[in-house]
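To start, the structure itself, in structure tokens.
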Amino acid sequence: MSLLPILEFPDPRLRTKAAPVEAARITDPGFQRLLDDMFETMYEAPGIGLAASQVDVHQRFMVIDVSEDKSDPQVFINPQILAKAGEQVYQEGCLSVPGIFADVTRADQIDVSYLDRHGQPHQAQVDALLAVCIQHEIDHLDGKLFVDYLSPLKREMVRKKLAKQRKLAAD
Ligand code: GNR
Ligand code: NI
């Protein structure tokens, strides 16, 4: 297994709209290895989700584990939100926008369809943190970041703060 580099805002590659995964690719050993590498990268960060877009793979899948003890690894391939209900506000962070946290309003409950890592189809109703995370990751697949929900002024402040952090880290 290996750790993958994570793209960071404002990298334009994070704006790519990801294409659906072809069913035949799911059984490919290279694809299964990529999933394992994404879990390793996510757990090491540490994070609760990682979209393929963040590791410069522009296909529609992500890995998620919202458990306290890394006991619930879940793969969502070609996820689709079929219905949304209610609202929740959650203070979000993102591995592609390190050190920045901001409140985002999203649906409280979603119905989602997806394929698991074996290519088996599922449909589930989810809420709370898992619903937040799925919506955050699907945004990545559509080239969208949580800072896009902030005002342009705040987003510019985030960009400057990250540039400064990188400059300090480089010296
Ligand atoms: O690790 C993560 N935590 C998190 C917290 C609140 C809302 C969303 C997330 S997802 C994030 C990992 C990440 O960047 N996934 O794309
Ligand atoms: Ni993210």
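One-based numbering along the sequence shown. Just the heavy atoms: all of them, side chains too, but no hydrogens, waters or symmetry mates, feed the values below. Counting convention: from 1, in listed order, for ligands and their atoms alike.
- Considering both main-chain and side-chain atoms, Ser96 never comes within under 3.5 Å of ligand 1 through any nitrogen or oxygen pair.
- When non-hydrogen atoms are compared, ligand 1 lies under 4.0 Å from the side chain of His140 (C-beta onward) but not from its backbone.
- Looking from atom 8 (C) of ligand 1 to the surrounding protein, the closest heavy atom is His136 ND1, 3.6 Å.
- Of the heavy atoms in Gln54, only side-chain atoms (C-beta onward) come closer than 4.0 Å to ligand 1.
- Here is the list of ligand 1 atoms found below 4.0 Å of a heavy atom in Glu137: 10 (S), 13 (C), 15 (N), 16 (O).
- Atom NE2 of His122 and atom CD of Gln74 lie 9.5 Å apart (nearest 0.5 Å).
- A salt bridge links Arg15 with Asp148: the closest approach of a Lys/Arg side-chain nitrogen to an acidic carboxylate oxygen falls below 4.0 angstrom.
- Taking only nitrogen or oxygen atoms, main chain and side chain alike, Gln91 does not reach within less than 3.5 Å of ligand 1.
- Within the 4.0 Å heavy-atom criterion, both parts of Glu92, backbone and side chain, lie near ligand 1.
- In this structure, of Ile48, Ile6, Val104, the residue bringing a heavy atom nearest to atom 3 (N) of ligand 1 is Ile48.
- Between the side chains of Tyr90 and Asp108, no donor-acceptor pair is found at a separation under 3.5 Å.
- For the atom pair Lys84 NZ and Glu87 CD, the distance stands at 10.5 Å (nearest 0.5 Å).
- In this structure, the side chains of Leu3 and Asp37 stay at 4.5 Å or more apart for every pair of heavy atoms.
- Rounded to the nearest 0.5 angstrom, Leu4 CG and Met42 CE are separated by 12.5 Å.
- In summary, the side chains of Arg117 and Gln32 do present a donor paired with an acceptor at a separation below 3.5 Å, with no hydrogens or angles considered.
- Distances under 2.8 Å from the Ni ion (ligand 2) pick out the protein N/O/S atoms Cys94 SG, His136 NE2, His140 NE2.
- Numbered from 1 in the order shown, with element, the atoms of ligand 1 that lie under 4.0 Å from a heavy atom of Gly47 read 1 (O).
- A salt bridge is defined here as a Lys NZ or Arg NE, NH1 or NH2 lying under 4.0 Å from an Asp or Glu carboxylate O, and Lys70 with Asp65 fails to meet this definition.
- Between Ile100 and Leu162, the shortest heavy-atom contact is CG1-CD2, 4.3 Å.
- When Ala102, Gly49, Ala45, Ala51 are ranked by how near their heavy atoms come to atom 12 (C) of ligand 1, first place goes to Gly49.
- Between the side chains of Asp56 and His58, at least one donor-acceptor pair of N or O atoms lies under 3.5 Å.
- Of the protein's heavy atoms, Gly93 N, 3.8 Å lies nearest to atom 5 (C) of ligand 1.
- Below 3.5 Å of separation, one finds an N or O of Leu95 facing an N or O of ligand 1.
- Of all atoms in ligand 1, listed by their number and element, those nearer than 4.0 Å to a heavy atom of Cys94 are 14 (O).
- Any N or O atom pair closer than 3.5 Å counts here, and Tyr90 shares no such pair with ligand 1.
- Side-chain contact check for Ser96 and Glu8: no donor-acceptor pair (N or O, by modelled atom type) lies under 3.5 Å.
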Note to self: Go through it in stages, so that I can follow the logic: the residues are Arg25 and Glu22, the test is salt bridge (charged side-chain N to carboxylate O under 4.0 Å, His left out), and I'd like the CA-CA distance, side-chain angles, deciding distance and then a yes or no.
What the structure shows: CA-CA 6 Å; Arg25 176 157 153 74; Glu22 288 183 40; over 6 Å; no
Next item on the list: Take Asp11 and Arg13, measure what salt bridge (charged side-chain N to carboxylate O under 4.0 Å, His left out) needs, and give me the verdict at the end.
Entry: CA-CA 5 Å; Asp11 193 310; Arg13 290 172 290 181; 2.7 Å; yes
